[in-house]
Asker: 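Could you have a look at this structure, given as structure tokens, before my questions?
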Amino acid sequence: MTKNPTWISDWRPEDEAFWNAGGKTIARRNLIWSIVAEHIGFSVWLIWSIVTTKLPQAGFQYSTDQLFQLVAVPGLIGAFMRFPYTFAVTTFGGRNWTIFSAAILFIPTLSLAYFVSHPDTPFWLMLLVASTAGLGGGNFASSMTNISFFFPDRMKGWALGLNAAGGNIGVSSVQLLTPILMTLAAINLFQATPVDGIFLQNAGLMWVLPIGIAVFGAVFFMNNLTTAKSSIRNQLAVVKRRHTWIMAYLYIGTFGSFIGYSAAFPLLLKTQFPSVTISIAFLGPLVGSLSRPFGGWLADRIGGSVITFWNFIVMAAATVGVLYFVGHKDFTGFLSMFLILFVTTGIGNGSTYRMIPSIFREQNLAKVRGQGDVARSAALKTASIESGAAVGFIGAIGAVGGYLIPSGFGKSIALTGGPSLALAIYLVFYASCLGLTWWFYLRRSPQGEGAAGLAEARV
């Protein structure tokens with residue numbers, strides 16, 4: 001293995017001797033620091049899910065719909081940022097891009113700290129400030145694309161699930177710690193001054209040191225892979241693949257639900273159950289994050305499409321439960337059903353992401369079947385490049401849920417006075433995801449190819 005301090009030129013994770021001789025150690029080290037950077041990225045991305053609940057108390061005169069827009073817009077920007085972030089790893093190197101993507105998080109955190117101390121800030125300007133938090137959402141695409149190159153195919157479900165879970169749990173971290181740091185006068189970061197008794201600035205300032213640690217770790221402990229270099233044109237080939245778009249749609253149902261519900265949950269609690277403290281909001285993203293590696297682990301053993309199919313059934317059932325209990329204003333039932341919903345978003349995240357490399361591997365191998373080992377090796381390399389690009393691209397599309405769900409709740413409450421209309425629409429969407437999963441990945445057709453081939457391979 002030829003390596004300099006930053007670039008590794010020989011990387012063969014599928015070679016067991018190479019993997020055991022040191023490849024495993026390097027891959028795990030990169031995974032650890034990738035998780036750290038992505039965790040902070042998710043935390044910054046979801047800062048506004050908590051900050052918005054305190055803005056009225058601090059003197060900001062925004063409507064409920066405007067507050068939901070402040071929650072939603074980082075999700076939309078984060079989704080858009082994932083497109084360039086997907087291709088950045090193979091252009092600049094995984095280590096190099098992690099350094100940049102972590103350092104740039106100083107922009108949303110410091111700008112938040114400044115503007116939340118000015119209650120006269122107009123809504124359009126605050127919306128612009130909130131949009132910069134979307135930079136944290138881009139980190140996921142580059143991180144997942146990068147880690148997909150480090151691990152052998154048999155371990156991708158576990159590695160990608162762990163990487164994603166470590167990032168996803170940042171949502172829980174920000175929703176657990178931010179309310180504490182904003183309201184305790186004893187914790188006064190960088191001599192922040194309170195706004196009507198609330199240290200809103202701390203929501204941004206609390207991430208300054210962790211961001212510095214993430215940058216340090218990426219500089220000294222991560223690597224770039226020359227084998228992960230590829231032209232943007234070659235990677236864009238995945239846009240022409242039908243399964244890229246199918247999986248992107250399914251991923252809106254899993255990850256889009258996770259990030260959308262995570263963003264909306266604190267404000268939804270405050271509007272539907274005003275007497276309940278928002279400090280419990282972190283429980284949803286926490287169980288969703290912890291269940292993600294489990295979804296990847298199950299998919300590795302049973303098949304991603306099988307887990308995804310049954311997972312959508314449970315998601316739909318949990319949504320029906322949320323609809324029932326929110327209509328009856330039963331908080332215990334509402335919270336229980338929502339936590340089940342969060343668990344299924346996590347399991348579905350893991351299983352759908354495991355499907356992606358499997359689909360591209362099977363399709364590329366099918367093209368060279370019977371052509372020998374050289375053709376097979378080339379097909380596997382092509383599959384690795386394409387699945388890496390697809391992972392980022394699909395992640396970008398899926399992140400749109402971070403905008404659609406909070407925005408949908410805001411519009412539903414504005415039009416009907418409650419979130420039931422939005423939940424009913426989400427239920428119909430999950431039913432469509434269920435149908436697509438069966439049709440393309442579980443159905444065994446008599447032709448013996450296409451859906452049948454993928455079903456046979458248990459992608």
Side-chain angles (χ1 to χ4, degrees), residues 1-38 84-103 138-160 162-163 166 214-238 356-358 360-361 364-365 368 372-393 395:
M1 189 185 333
T2 304
K3 135 176 160 53
N4 66 26
T6 59
W7 287 91
I8 297 177
S9 57
D10 178 27
W11 190 252
R12 291 171 282 115
E14 300 294 347
D15 183 333
E16 195 166 337
F18 174 91
W19 182 251
N20 292 328
K24 175 168 55 177
T25 301
I26 293 171
R28 287 180 175 174
R29 188 182 69 238
N30 278 270
L31 174 61
I32 288 169
W33 284 101
S34 173
I35 289 173
V36 171
E38 191 191 341
Y85 273 53
T86 293
F87 305 116
V89 168
T90 52
T91 303
F92 302 106
R95 166 191 176 271
N96 295 346
W97 191 255
T98 303
I99 294 169
F100 171 80
S101 61
N139 285 17
F140 179 83
S142 55
S143 178
M144 294 294 275
T145 300
N146 184 40
I147 292 304
S148 73
F149 290 112
F150 275 95
F151 286 83
D153 189 71
R154 69 182 184 279
M155 297 179 66
K156 274 185 167 59
W158 171 83
L160 291 175
L162 200 60
N163 187 56
V215 173
F216 176 87
V219 170
F220 292 101
F221 300 107
M222 292 188 73
N223 305 100
N224 302 304
L225 297 178
T226 57
T227 52
K229 297 285 283 182
S230 178
S231 69
I232 292 178
R233 180 180 179 182
N234 286 344
Q235 293 175 82
L236 282 174
V238 300
I356 298 166
S358 299
F360 281 90
R361 183 190 69 241
N364 277 279
L365 286 177
V368 298
D373 291 341
V374 174
R376 177 183 171 83
S377 179
L380 287 173
K381 183 175 181 180
T382 299
S384 178
I385 294 293
E386 288 188 349
S387 64
V391 156
F393 183 82

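The chain is numbered in sequence order, starting from 1. Everything numeric here is computed off the predicted structure, so don't read it as measured data.
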Asker: Restricting to non-hydrogen atoms, name the atom on F149 and the atom on P13 that form the minimum distance, rounded to 0.1 Å.
Answerer: O-CG, 4.1 Å
Asker: Any donor-acceptor pair under 3.5 Å linking the side chain of N224 with the backbone of G94?
Answerer: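 Yes.
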Asker: For A218 and I99, work out which heavy atoms get closest and say how close.
Answerer: CB-CG1, 3.7 Å
Asker: Say you draw a straight line from CG of L380 to CZ of R376; how long is it, rounded to the nearest 0.5 Å?
Answerer: 5.0 Å
Asker: Using atom types as modelled and distance alone, determine if a side-chain donor or acceptor of R29 lies under 3.5 Å from a backbone N or O of M222.
Answerer: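 The answer is no, because no donor-acceptor pair under 3.5 Å joins these two groups.
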Asker: Distance check, rounded to the nearest 0.5 Å: F220 atom CZ versus R95 atom CZ?
Answerer: 8.5 Å
Asker: Do you know the tightest heavy-atom contact between S101 and Y85?
Answerer: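 Result for this residue pair: CB-CE2, 3.7 Å.
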Asker: What's the spacing between N96 CG and T6 OG1 if we round to 0.5 Å?
Answerer: 6.5 Å
Asker: Ring centres under 6.0 Å, that's the criterion: do F150 and W19 meet it?
Answerer: no
Asker: Looking at S387 and I356, what are the two nearest heavy atoms and their distance?
Answerer: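 Shortest heavy-atom contact: O-CG2, 4.2 Å.
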Asker: What pairs with W33 under ring-ring contact (aromatic ring centres under 6.0 Å, His included), at least two apart in sequence or on another chain?
Answerer: F221
Asker: Return all side-chain donor-acceptor pairs below 3.5 angstrom for residues 141-148, not counting sequence neighbours, or 'none' if the list is empty.
Answerer:
residue : atom : partner : partner atom : Å
S142    : OG   : N139    : O            : 3.1
S143    : OG   : S34     : OG           : 2.5
S143    : OG   : E38     : OE1          : 3.2
S143    : OG   : N163    : OD1          : 3.4
S143    : OG   : N163    : ND2          : 3.0
T145    : OG1  : A141    : O            : 2.8
T145    : OG1  : G388    : O            : 3.2
S148    : OG   : T145    : O            : 2.6

Asker: For A103 and V215, which heavy atoms make the closest approach, and how far apart are they?
Answerer: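 Scanning both residues, the minimum pair turns out to be N-CG2, 3.7 Å.
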Asker: What's the separation between atom OG1 in T91 and atom CH2 in W97, rounded to the nearest 0.5 Å?
Answerer: 9.0 Å
Asker: For N20, is the CG atom crowded, meaning more than 12 foreign heavy atoms sit under 6.0 Å from it?
Answerer: yes
Asker: Shortest non-hydrogen contact from T226 to S9?
Answerer: OG1-CA, 3.0 Å
Asker: Just verifying a value: how many Å separate I26 CD1 and L31 CG, rounded to the nearest 0.5 Å?
Answerer: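 Rounded to the nearest 0.5 Å, the CD1-CG separation comes to 13.5 Å.
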Asker: Could you tell me whether E16 atom CD has more than 12 heavy atoms of other residues or ligands within 6.0 Å of it?
Answerer: no
Asker: With rounding to the nearest 0.5 Å, note down the distance linking CZ in F393 to CZ in F87.
Answerer: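 With rounding to 0.5 Å, CZ (F393) is 7.0 Å from CZ (F87).
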